[in-house]
Amino acid sequence: MTDEGYDHAAIERRWQDAWEAANAYRTPDDVADPTYVLGMYPYPSGKLHMGHVRNYTITDAYARYRRLRGDDVLHPMGWDAFGLPAENAAKERDTNPRDWTFDCIETMKGQMKSMGFGYDWDREITTCTPDYYRWNQWLFTRFHEEGLVERRDAAVNWCPSCETVLADEQVEGEAELCWRCDTPVETRDLEQWFLKITEYADELLDAIDDLEGWPNSVRQMQRNWIGRQYGTELSFEVEGHGDVEAFTTRVDTIHGATFFALAPDHPISEELAETDADVRRFIEEEADPDGDEPNGVETGLTAENPVTGEAIPVYVADFVLSEVGTGALMAVPAHDERDHAFAEKKGIEIRPVIAPEPKAADAEEADAEEAEPTIPDVEEAAFTDDGVLVNSGEYDGLDSETARERLTEDIDGASEATQYQLRDWGISRQRYWGTPIPVVHCPDCGPVMVPEDDLPVELPEFINTTGNPLDAAEEWKETTCPECGGPAERETDTMDTFVDSSWYPLRYVSPDLEEAPFDLERANDWMPVDQYVGGIEHAVMHLLYSRFFTKVLADHEGLEHREPFENLLAQGMVQLEGEKMSKSKGNVVSPQRIVEEYGADTARLFMMQAAQPERDFDWSEEGVRSTNRFLGRLQALVEEHADAIAAADAATAGSGAAVDVSVEDDPIAAYVTDEVDAAVAIATAEYDDLTFNVALREAQELVRTLRSYADYVDDPDPAVLGRGLSAAVRLLAPVTPHLAEELYARLQGMDPTDDPESAVTEGVVLAAAWPEAAVDRETVRKRRRLVENTREDVRQIVDVAGIEDPESIDVVVAPDWKYDALEIAIDSDADNLIGELMAEDHIRERGDAAAAYGQDLQAEREALSMTLRGDAEYEALRAAAWLIEREFDAPVTVVRAEATADDVARNAEPGRPAIDIEE
RNA sequence: GCGGGGGUGGCUGAGCCUGGCCAAAAGCGGCGGACUUAAGAUCCGCUCCCGUAGGGGUUCGAGGGUUCAAAUCCCUUCUCCCGCACCA
């Protein structure tokens, strides 16, 4: 690097030390309602990767921004410290998960500090400490008391490689692979602990509509996951087996049910397998629930259709899933594609009972004899839409929806039923490194909750074994029953780590509290999290479980919030050449290297200005270098002028207070002042929206303008330049905090290298206020457009007219009466605009000119919009005149139309000055 | 299949909700110029077509429609991406 580099290492170190010494990011317990900004806490895997850096730069930038705006901010960090990788790593390295985890935490914490993330480390939480996980246990017992915990024998997803059970959510794709190690998942029957999240299924689903601060994609994914369906539950009597429950959403098609199907693991199927060799062979060998082809075997039994009394054949079929509905279904080949395929294969009758709704037009034509529905041809393909019933006896002619209601009412034992795809949450894991489930198994009393006073149940020392280390910890396992005092054994399963993360935002509120998981009163004040940021991979699991926990805590613990996260941002990926960075692809860019080479500020700024936070973007070394150069130039610019600025007026320049510059005295300074306001107005709005990329572009643009000013003018006004630099530095401060602090101190005449203490205590951006803009965005937009259009017009004229070397350029701003006329035209709804205009004396006086302009206005009537007023346009153009002079190397005169010759002024309109160029 | 989000100038990508200063931001790439011994960096322009005074023409996946006016609203259609899925 060259003359433009700056000593990022020294600067970053200096300010990181300063912040730490000043405890700058501490949020005291007594603040009323801080803005709660949270990034998803990381799993301490060893090193920070780019995804982390992006995630936490977003939250840090937003937290810093809110702080500069004067908010109290809560911005904590912690560790999702339980989990399988620690166990595997411990085995590999012959250590234990605890030491390995804490090593990782130390490393990552150091990296976070070197990135300059401003966390309240006094609130740090680490889920693998008894201080934290005791509350998982406590919550488990509370859930139990409220009837939200269940122990049942369940077929579970078992990963043979991880030797543990997985939640449904942790099984990926059609191939059913373990989310961690991609091993095909097997099924096992085990006694498992479940949290009854299904009790909250309706609320979890319905409340999604109100999560307006969440991305639609995530909301939709949760809706799908919960998968609520309304239908009918009814029973078919299967000969020899009594009533068998089936669920259907299409009871209107029941007259077309031509067979009945059972899942291979349905109790009846299993019973049949014992005596029927064909059924057994099918279940054991042929059934392939993952295959595309529906397969099945006839049982020889029949089921009685509860409506028609008809006896239909019963099959065991592999496309029937025991987890869906009741594991048994009435099949209607005519109106269901899957049933149709199966019926075709087995030669089962396909009987249409729904016809398309006759078209309204047809109905009218055939009015007299009532439009007969046309029975669809279902031999080739099923007709799956709703329609009108046919071949359905007394129900003929009803529309599907009405028929469903009527049939559900009429059929004996049938009832409306709701099905969910959401299952209860199995939290048992046969692993060591997690929260021990606080249960004791007594031969006499059965499973007994560990009493609150005996919590936490702490993990024993790690034992390196192939199975579950807790099972091998004999001494630990042996205990007495809390109820009868007899000998008993501890539960050896631990909890899914998603339990830990389901309530951790609450723990930050009172991380050291010993009486409860969280301070209720403060949590009520501080929650919910105002802005949550993390990866889309948690769209369902973590975010759904957290919502569930929050609702339970609201119902039973007095929490006054039912949702944990008000606004959610799912950040995009950091890619390299369009591909996700991953170790296996070997295309990983190390944040550490970037920080060492360019500094944390460069890394942060590059990431934030590269793209909107929710978008994927490509890492580019070139982009990083150019960002680094930008910071170098900014630093040099401040350095060059700092002394003059500080000397001129430390109070004014440093604080960025309004500077009084008139266009008359110093048009260029006025232009710069306007641009400072413009940048502040826009960047502020963009920071509010978390569109850092736009905000930062504005800040960078401002620096460019300031540099042009300093270069173009012989002696730039230190007050003007100082105000601009001070604003620019603060606009960048959320993203490049170290350099911002350094430069802010310099602008106030301090030398942080000589006098770090006072620079820290007096100069910090942290203590400064966000810059204020003297204009609104709309004015900025109009002003910039005017200047830009005018410059472009001059260029065009010069170009089209072939003017080689302009002698002088006159810019004539329209007379006030035209602005008045424009305003009247916009407000007016009169047919004859000219008449209305001529009613104004001062316009009528203009004679032909007024009539001509009136006609123009009339012609574009609907498209008119208000510009700045004449004097504002005049000022803006005067201030910008230097840009034109600089470009064409010719003097530019900006005048009002009143002060110039009529023939030129005639062309001037609001928003569009007349231009006259002398060759 | 169901649900969600897209298709914009050489590329990336804003705009679309709330129609009109939108031939359409910004960045990249390309071209020209300034600076420099030179390169790099930086700065100033240009980058759909035509045009000797700011003009005109044709564009925003395709086709229709609404409107004085459509990239923006409506309908149809093609296509890409993401999530879920033998879901009863």
Side-chain angles (χ1 to χ4, degrees), chain A residues 2-4 173-174 215-225 227 229 231-233 246-251 253 261 263 288-295 317-321 323-332 336-339 341-342 384 419-421 536 539-540 578 609-612 615 617-618 620 622-623 625-626 629-630 632-633 691 693-694 697-698 700-701 704 707-708 711-712 781-782 784-786 788-803 859-867 883 886-888 907 909-917 919:
Chain A
T2 57
D3 50 334
E4 281 180 332
E174 231 160 299
N216 281 332
S217 56
V218 174
R219 295 161 82 186
Q220 195 55 39
M221 282 163 81
Q222 294 212 348
R223 285 191 193 103
N224 287 345
W225 190 262
Q229 266 189 314
T232 303
E233 208 156 63
F247 175 81
T248 178
T249 54
R250 291 299 304 272
V251 72
T253 63
D288 174 18
D290 300 325
D292 289 336
E293 278 284 292
N295 300 307
D318 62 2
F319 67 85
V320 185
L321 307 177
E323 313 91 73
V324 177
T326 61
L329 61 85
M330 67 171 214
V332 186
D336 181 282
E337 280 168 24
R338 183 204 47 224
D339 296 349
F342 189 79
T384 58
Q419 282 281 327
Y420 301 89
Q421 203 175 300
I536 188 76
V540 174
Q609 48 84 257
Q612 280 175 31
R615 270 242 199 345
F617 80 95
D618 256 18
S620 132
E622 182 51 42
R625 274 198 286 271
S626 129
R629 282 193 300 264
F630 164 76
R633 288 196 301 274
T691 38
N693 56 326
V694 183
R697 189 184 307 143
E698 202 58 44
Q700 287 177 278
E701 203 58 44
R704 191 186 297 188
R707 199 143 34 86
S708 301
D711 288 349
Y712 184 71
R781 227 172 48 106
K782 286 178 179 162
R784 282 187 172 174
R785 187 150 54 202
L786 172 72
E788 212 26 71
N789 286 349
T790 306
R791 293 178 67 189
E792 208 142 296
D793 282 346
V794 173
R795 280 178 210 128
Q796 243 187 82
I797 294 167
V798 167
D799 184 45
V800 174
I803 298 169
E860 302 172 65
R861 195 100 182 251
E862 285 91 352
L864 297 174
S865 65
M866 201 51 210
T867 61
L883 294 169
R886 189 179 61 171
E887 189 174 336
F888 296 96
N907 291 327
E909 289 175 16
R912 183 156 206 234
I915 295 164
D916 189 44
I917 301 174
E919 252 184 289

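Throughout, a chain's letter reflects where its sequence line sits, starting with A, and its residues are numbered from 1.
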Requested in this report: Calculate the interatomic distance between A:Leu321 atom CG and B:A88 atom P; express it in whole Å.
Outcome: 11 Å

Report task. Give A:Arg223 one of three labels, base, sugar-phosphate or nothing, depending on what nucleic acid heavy atoms sit under 4.0 Å from its own. Result -> nothing

Query raised in the report: Nearest to the side chain of A:Met221 - B:A53, B:G83, B:C87?
Result: B:G83

Query raised in the report: Looking at A:Arg338, does any N or O in its side chain come under 4.0 Å of the phosphate oxygens OP1/OP2 on B:C87?
Result: yes

Query raised in the report: Do any N or O atoms from the side chain of A:Thr248 and from the backbone of A:Arg250 form a donor-acceptor pair under 3.5 angstrom?
Result: yes

Requested in this report: Taking only the side-chain nitrogens and oxygens of A:Arg785, find out if one of them lies under 4.0 Å from OP1 or OP2 of B:C22.
Outcome: yes

Query raised in the report: Checking all strands, does A:Pro910 fall into the base, sugar-phosphate, or nothing category for heavy-atom contacts under 4.0 angstrom?
Result: nothing

Query raised in the report: Is A:Gly227 touching bases, backbone alone, or none of the nucleic acid, heavy atoms closer than 4.0 Å?
Result: nothing

Requested in this report: Report which part of the nucleic acid A:Asp288 touches: base, sugar-phosphate, or nothing (heavy-atom distance under 4.0 Å, all strands).
Outcome: base

Query raised in the report: A:Val694 near the nucleic acid: base, sugar-phosphate alone, or nothing, with a heavy-atom cut-off under 4.0 Å?
Result: nothing

Query - Sugar-phosphate, base or nothing in reach of A:Arg861, heavy atoms under 4.0 Å - result: nothing

Requested in this report: Looking at every strand, decide which applies to A:Asp916 at a 4.0 Å heavy-atom threshold: base, sugar-phosphate, or nothing.
Outcome: base

Query raised in the report: Quick one: on RNA chain B, does A:Val794 or A:Phe319 contact a more 5' nucleotide (nearest heavy atom)?
Result: A:Val794

Query raised in the report: What is the nucleic acid contact for A:Arg219, judged by heavy atoms within less than 4.0 Å: base, sugar-phosphate only, or nothing?
Result: nothing

Report task. Please give the nucleotide sitting opposite B:G29 as a Watson-Crick or G-U wobble pair, both distances under 3.5 Å, or none. Result -> B:U47

Query raised in the report: Heavy atoms under 4.0 Å, any strand shown: does A:Thr248 hit a base, just sugar-phosphate, or nothing?
Result: sugar-phosphate

Query - Distance in angstrom units between A:Asp793 CG and B:G45 P, rounded - result: 15 Å

**Report entry** Residue-phosphate contact under 4.0 Å: A:Arg791 side-chain N/O, B:G45 OP1/OP2
**Finding:** yes

Query raised in the report: Checking A:Ser620 side chain against A:Gly623 main chain: does a donor-acceptor pair fall under 3.5 Å?
Result: yes

Report summary line: Pairing partner of B:G1, by Watson-Crick or G-U wobble and under 3.5 Å for both distances, is B:C84

Query raised in the report: Which whole number of Å gives the distance between the P atom of B:C31 and that of B:C48?
Result: 15 Å

Query raised in the report: Any side-chain N or O of A:Arg795 under 4.0 Å from OP1/OP2 of B:C46?
Result: yes

**Report entry** Under-4.0 Å salt bridge between A:Glu792 and A:Arg912
**Finding:** no

Query raised in the report: With a non-hydrogen cut-off below 4.0 angstrom, is A:Ile803 in contact with a base, only sugar-phosphate, or nothing?
Result: nothing

Requested in this report: Check the side chains of A:Gln700 and A:Arg697 for a donor-acceptor pair under 3.5 angstrom, ignoring hydrogens and angles.
Outcome: no

Report task. Scan A:Glu323 against the nucleic acid and name what it touches under 4.0 Å (heavy atoms): base, sugar-phosphate only, or nothing. Result -> nothing

Query raised in the report: What nucleic acid atoms does A:Thr790 come within less than 4.0 Å of, heavy atoms only: base, sugar-phosphate, or nothing?
Result: nothing

Query raised in the report: Among the nucleotides B:U42, B:A53, B:C44, which one has an atom lying closest to any side-chain atom of A:Glu887?
Result: B:C44

Query raised in the report: Can you check whether A:Arg250 has a side-chain N or O nearer than 4.0 Å to OP1 or OP2 of B:A88?
Result: no

Query raised in the report: Using a cut-off of less than 4.0 Å, is there contact between a side-chain N or O of A:Arg912 and OP1 or OP2 of B:G54?
Result: no

Query raised in the report: Heavy atoms under 4.0 Å, any strand shown: does A:Glu862 hit a base, just sugar-phosphate, or nothing?
Result: base

